[in-house]
**Q** 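Dropping the structure in here first, questions after.
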Number of protein chains: 2
Amino acid sequence: MPSAPEPAPVSAKPPVTLREVAAAAGVSVATASKALNGQGRMTAETRERIRETARLLGFRPNSLAQSLLRKRSFTVGLLTNDTYGRFSLPLMAGVSDALVDKGVSVFLCNVEDDQRLGQLHVEAMLDKRVDGIIATGKRIDRHLPVDLSNLRIPVVYAFTQPDPGAIGLVSDDAGGARLAVEHFLRLGRRRIAHVSGPASFAVVHARAQAWRDVLKENGLAESEPLLGAWSEAWGHEAVEKLFGKADREGWPDAVFCGNDQIARGVIDALRERGISVPDDVGVIGFDNWEIVAEATRPPLTSVDMNLSTLGREAGLALLSLVDGQPAAPGIRKLPCRLVVRQSCGGPPE
Amino acid sequence: MPSAPEPAPVSAKPPVTLREVAAAAGVSVATASKALNGQGRMTAETRERIRETARLLGFRPNSLAQSLLRKRSFTVGLLTNDTYGRFSLPLMAGVSDALVDKGVSVFLCNVEDDQRLGQLHVEAMLDKRVDGIIATGKRIDRHLPVDLSNLRIPVVYAFTQPDPGAIGLVSDDAGGARLAVEHFLRLGRRRIAHVSGPASFAVVHARAQAWRDVLKENGLAESEPLLGAWSEAWGHEAVEKLFGKADREGWPDAVFCGNDQIARGVIDALRERGISVPDDVGVIGFDNWEIVAEATRPPLTSVDMNLSTLGREAGLALLSLVDGQPAAPGIRKLPCRLVVRQSCGGPPE
DNA sequence: GTGGGTTGGGAAAAGGTTTTCTCAGTGCTC
DNA sequence: GAGCACTGAGAAAACCTTTTCCCAACCCAC
C-alpha cells in the first residue's frame with residue numbers, strides 16, 4: 001500500500017539532479033529550471049506538476065553549479081584575529097544572523113597574527129569565490145595581518161582598523177563613555193574618576209576624552225584619568241591611588257572604568273576597604289561582559305557596545321555592496337547602550 | 001621599459017581562467033590543465049612554459065568548477081549552539097587549524113537552540129555540498145536541535161552528545177577530576193571536598209564519581225559532593241557550608257571545584273574568612289578559563305580539557321571519513337591536563 | 001616498407017544549472 | 001484563408017575544470 005506522497009528523505013545516496021526531475025515530469029531540463037524559478041512561460045498546470053515532482057524527489061539545486069554560472073556564491077568570509085574573543089563572538093553571531101536568512105553562509109577564518117595564515121585563508125576564500133569579506137579583530141585600532149586593499153570583491157571592516165577608502169563600522173566609544181558619565185551626573189554624583197587600560201589603545205583616549213568633555217560641559221573639576229592595564233589587579237591598584245589618601249573629602253563618589261575587569265577589581269577593592277558600592281561610590285564598567293558584570297557584588301552597570309548589532313550592520317552593508325549598491329566609504333560609528341544594574345544606586349532624594 | 005616578470009596583482013577584474021592561460025601559452029586547455037596538475041605526458045619544456053604563463057597571469061583555478069567535477073568541495077560545516085561560548089571557541093580554533101593546511105574551509109553555523117535555524121543551516125550547507133559536518137555545542141550531554149543522523153555526508157560530534165552509531169569526541173572528565181584529586185594527594189592534602197554545578201549535568205556526576213573513586217582508592221573518608229550552580233555565588237555559599245562549623249578540625253584542606261567560577265567564589269570567600277589559600281586550603285578549578293584562573297588571588301590551578309586539541313582531532317577524523325577511510329563509531333575520550341598555578345602550594349616538607 | 005610501440009598533445013564529455021534563442025502550434029483579425 | 005501575435009516548451013550555449021580517449025608523428029626492428 002503506497003504511503004501518502006511526501007518528500008524523499010535526504011538519505012538518498014546521490015543527490016537528485018534537475019535532469020532527473022525533468023525526466024520524471026516529462027519535460028526538458030530547461031523547462032524544469034524555469035518552472036522551479038518562476039521564470040519563463042508555461043501553463044500553471046505544467047509548472048505545478050514540475051514543482052510537485054521536485055518536491056516529491058526531494059530535489060535541491062546544486063549550489064556549486066548555480067554559483068559557477070551566476071558568479072555569485074552566496075558565501076562570505078569572516079576574517080578575524082581574535083581567537084578566544086569575547087568581542088568577535090557576538091559580532092560573528094550578528095553577521096551570521098543577518099546573512100543566514102538570505103541564504104548566505106559564512107566562512108570563519110582565524111588568522112591569529114600570522115601573515116602566512118592570513119594569506120592562506122584569503123587565497124582559499126578567493127578560490128572559493130566568496131562574494132565578499134568581513135574583517136574583524138580584537139582591536140579597533142589595529143590592522144589585521146592581511147592586505148585586503150586590492151581585492152576584486154567588496155570588503156567591510158567591523159571593529160578593526162579599516163584600510164583607507166574602505167567601509168568600516170566601529171562602536172562609538174566616546175558616546176558610550178558619555179552615557180556612563182551622564183548617568184552618574186543624573187544620579188547626583190559629582191566627583192567622577194576614570195580608570196582605564198593602557199595608553200596604547202585608541203579607545204582609551206576616546207573614552208577618556210569624552211569623560212573629560214562631559215565633566216567640563218557640566219562645570220566640574222577635570223582631572224587626569226588613571227591608565228594602567230585591562231585587569232582586575234589594576235582595578236585594585238587604582239583604588240589604592242584614589243582612596244589611599246586620608247582626606248575623605250577628596251575621594252571620588254563615582255568611578256567610570258575602561259572595562260568590566262577593571263571595574264570588578266575596583267568593586268572588590270572598595271569592599272575590602274569597607275567603602276560601600278553603590279552607597280558611597282558608584283561604579284560603571286565597559287563591555288557589558290555579562291559573565292563578569294553579573295558576578296560582581298553588587299552586579300555591575302556597564303556600557304554595551306552592541307557588537308551583535310554591529311555585526312548585523314556589517315553583514316547587511318557587505319550584502320548591499322555585493323548587490324552592486326554603491327556605498328560611501330568611511331567609518332561609521334554605532335551607538336553604545338548603558339545596561340543598568342545595581343552598582344550605581346538610585347537618584348538622590 | 002618592461003618590469004621584471006612577476007605575478008599580476010589580484011586586482012585584475014575578472015579572474016583569469018584556464019582557457020586564457022592555455023591561449024597565452026599556445027596550447028589547449030586540456031594540456032594546460034595537465035601541465036598544472038602534474039598529469040599527462042608532455043615535454044618538460046612545455047610543462048614549464050605553461051606553468052610560467054599561469055604564474056605570470058596570476059591564474060588560480062576556480063574552486064567551484066573543480067568541486068562540481070570532483071564532487072568534493074573542500075569545505076566543511078561547523079554546527080554549534082554555543083553562541084558566546086568559551087568552550088566552542090577553542091574547539092573551533094582547533095578544527096580550523098587542522099583543516100586550513102589541507103585547503104579546507106569551515107562554514108560556521110550558529111543554530112542557537114532553534115530547530116528552524118538548525119534546519120536552515122544544514123540545508124544551506126548540504127546545498128553548498130560541504131564534504132562533512134562537525135557538530136559541537138555547549139553541553140556534552142545534550143543534542144543539538146538538528147537531526148544529522150541520515151545525511152549522506154560524514155558527521156563527527158565533538159563536545160556534544162553524538163547520535164547512536166556516530167563518531168563522538170569528548171573530554172575525559174573523570175580523568176581530569178582524577179588529575180586534580182591526585183595532585184592534592186601528592187601535596188599531602190587529605191580532606192578534599194568537592195563543590196560542583198547542577199546535578200542535571202552529566203559531567204557533574206562523572207567528575208564527582210572520579211573524585212570519590214580516588215578518595216576510596218587511597219583509603220580516605222568519602223563524603224557527598226556539594227552540588228549547586230556554575231557560579232561564583234555558589235562558591236561563596238559552599239564555603240559557608242564547609243567552613244561554617246566551629247570545629248576547625250572538620251574543615252577540608254582542599255577544595256576541588258567543578259569549574260573556575262565556583263573556584264573563584266571559593267577563593268574569595270575563604271579570603272574573606274581569613275583562611276589562607278594555599279596555606280590552609282588548596283583549591284583547584286575546572287576548565288582552565290585563563291581570564292578567570294589568572295585573576296584569582298592566588299592564581300588558580302585548574303583542569304584544562306584541551307578543547308583545541310579536541311577540535312583538531314575532530315577535524316582530522318572528519319577528513320579521514322571524507323577520504324573514505326572507515327572509522328569505528330563510538331565515543332572517544334581525550335585526556336585533560338592539569339595547569340598548575342599557585343592555589344595549591346608546594347609539597348609537604 | 002610494414003607493423004608495433006612510444007611520445008606529445010588535442011577533442012570532447014562530464015559535472016548541474018541558467019538563460020537565450022528558436023520553433024511549432026494556436027487563436028485571432030481582416 | 002492569409003497574415004500575425006502570442007503561447008508553451010525545447011535545444012543549446014555558457015560557467016570552468018578535469019579526464020578519458022584518441023590521433024598523428026616518430027622511432028625502431030624485421
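Values below: all heavy atoms of this structure, side chains included; hydrogens, waters and symmetry mates excluded. Throughout, a chain's letter reflects where its sequence line sits, starting with A, and its residues are numbered from 1.
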**Q** Whole angstroms only, please: what is the CG-C1' distance between Asp127(B) and dT17(C)?
**A**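 So the two atoms are 13 Å apart, to the nearest Å.
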**Q** Taking CZ from Phe74(A) and C1' from dT17(C), how many angstroms apart are they, rounded to a whole number?
**A**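 Atom CZ in Phe74(A) sits about 14 Å away from atom C1' in dT17(C).
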**Q** Of the options dG9(C), dG8(D), dT19(C), whose atoms approach the side-chain atoms of Arg41(A) most closely?
**A**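 Of dG9(C), dG8(D), dT19(C), dG8(D) is nearest to the side chain of Arg41(A).
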**Q** Have a look at Thr17(A) and say if it touches a base, only the backbone sugar-phosphate, or nothing, with a 4.0 Å heavy-atom cut-off.
**A**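 Sugar-phosphate contact only.
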**Q** Return the value, rounded to whole Å, for the distance between atom CG of Asn37(B) and atom P of dT19(D).
**A**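 So the CG-P distance, Asn37(B) to dT19(D), works out to 7 Å.
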**Q** Specify the separation, in whole Å, of atom CZ of Arg60(B) and atom P of dT17(D).
**A**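 Value for this atom pair: 12 Å.
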**Q** Which nucleotide, dG9(C), dG10(D), dG16(C), lies nearest any side-chain atom of Ala30(A)?
**A**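 The closest nucleotide is dG10(D).
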**Q** Using only side-chain N and O atoms of Lys71(A), determine if any of them is under 4.0 Å from OP1 or OP2 of dA14(D).
**A**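 For dA14(D), OP1/OP2 do not have a side-chain N/O of Lys71(A) under 4.0 Å.
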**Q** Can a donor-acceptor pair be found, under 3.5 Å and without considering hydrogens, that links the side chain of Asn81(B) to the backbone of Lys138(B)?
**A**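 Confirmed, Asn81(B) side chain pairs with Lys138(B) backbone.
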**Q** When you measure from the side-chain N and O atoms of Ser33(B) to the phosphate of dT18(D), is any distance below 4.0 Å, counting only OP1 and OP2?
**A**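 Yes.
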**Q** Looking at Thr43(A), does any N or O in its side chain come under 4.0 Å of the phosphate oxygens OP1/OP2 on dT7(D)?
**A**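 Looking at the OP1 and OP2 atoms of dT7(D), neither is under 4.0 Å from any side-chain N or O of Thr43(A).
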**Q** Would you mind reading off the distance between Glu20(B) atom CD and dT17(D) atom C1', rounded to a whole angstrom?
**A**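 Computing the Glu20(B):CD to dT17(D):C1' distance gives 14 Å.
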**Q** Parallel, tilted or perpendicular, judged at 30° and 60°: which one describes the rings of Phe87(B) and Phe159(B)?
**A**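 Tilted: the ring planes of Phe87(B) and Phe159(B) meet at 30° to 60°.
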**Q** To the nearest angstrom, how far is Leu68(A) atom CG from dA14(C) atom C1'?
**A**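 About 13 Å, once rounded to whole Å.
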**Q** When you measure from the side-chain N and O atoms of Asn62(A) to the phosphate of dG15(C), is any distance below 4.0 Å, counting only OP1 and OP2?
**A**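 Checking dG15(C) against Asn62(A), no side-chain N or O comes under 4.0 Å of OP1 or OP2.
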**Q** Would you say a side-chain N or O of Thr31(B) is under 4.0 Å from OP1 or OP2 of dG9(C)?
**A**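 Indeed not, no polar side-chain atom of Thr31(B) lies that close.
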**Q** In whole angstrom, what separates Leu36(A)'s CG from dG16(C)'s C1'?
**A**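 My rounded result for the distance is 13 Å.
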**Q** Please state whether the phosphate of dT18(C), meaning OP1 or OP2, lies under 4.0 angstrom from any side-chain nitrogen or oxygen of Gln66(A).
**A**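 Answer yes for this pair, as a side-chain N or O of Gln66(A) is under 4.0 Å from OP1 or OP2.
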**Q** Can you check the Leu64(B) CG to dT18(D) P distance for me, whole Å?
**A**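 Rounded to whole Å, this separation is 13 Å.
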**Q** Which atom pair, heavy atoms only, marks the closest approach of His121(B) to Leu79(B)?
**A**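 What the structure gives for the nearest pair is CB-CD1, 4.4 Å.
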**Q** Please compare Ala44(A) and Leu69(A) by the position of their nearest nucleotide in DNA chain D and report the one closer to 5'.
**A**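 By nearest-heavy-atom nucleotide position, the 5'-most residue is Ala44(A).
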**Q** Salt bridge check: are Arg49(A) and Glu52(A) linked by an N-O gap of less than 4.0 Å?
**A**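 No.
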**Q** With heavy atoms under 4.0 Å as the rule, sort Lys34(A) into base, sugar-phosphate or nothing.
**A**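 The answer is base, as Lys34(A) lies within the cut-off (heavy atoms under 4.0 Å) of a base atom.
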**Q** Side chain of Ser28(B) only, heavy atoms from C-beta on: which candidate in dG10(C), dA9(D), dT18(D) is closest?
**A**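 For Ser28(B), the side-chain atoms sit closest to dG10(C).
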**Q** Indicate yes or no for a side-chain donor-acceptor contact from Arg19(A) to the backbone of Val29(A) under 3.5 Å, with no hydrogens or angles considered.
**A**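 No, the answer is negative, given that no donor and acceptor are paired below the 3.5 Å cut-off.
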**Q** Please confirm whether the shortest side-chain N or O distance from Arg70(B) to OP1 or OP2 of dT17(D) is below 4.0 Å.
**A**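 For Arg70(B), the contact criterion (side-chain N or O under 4.0 Å from OP1 or OP2 of dT17(D)) is not met.
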**Q** Start at the 5' end of DNA chain C and walk down; is the nucleotide closest to Gly26(B) or to Ala65(A) reached first?
**A**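 On the 5' side of the pair lies Gly26(B).
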**Q** How about CD on Gln115(A), more than 12 heavy atoms from neighbouring residues, nucleotides or ligands closer than 6.0 Å, or not?
**A**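 Counting other residues, nucleotides and ligands, CD of Gln115(A) stays at 12 neighbours or fewer.
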**Q** Please work out if Ser67(B) contacts a base, only the sugar-phosphate, or nothing of the nucleic acid, heavy-atom cut-off 4.0 Å.
**A**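 No contact.
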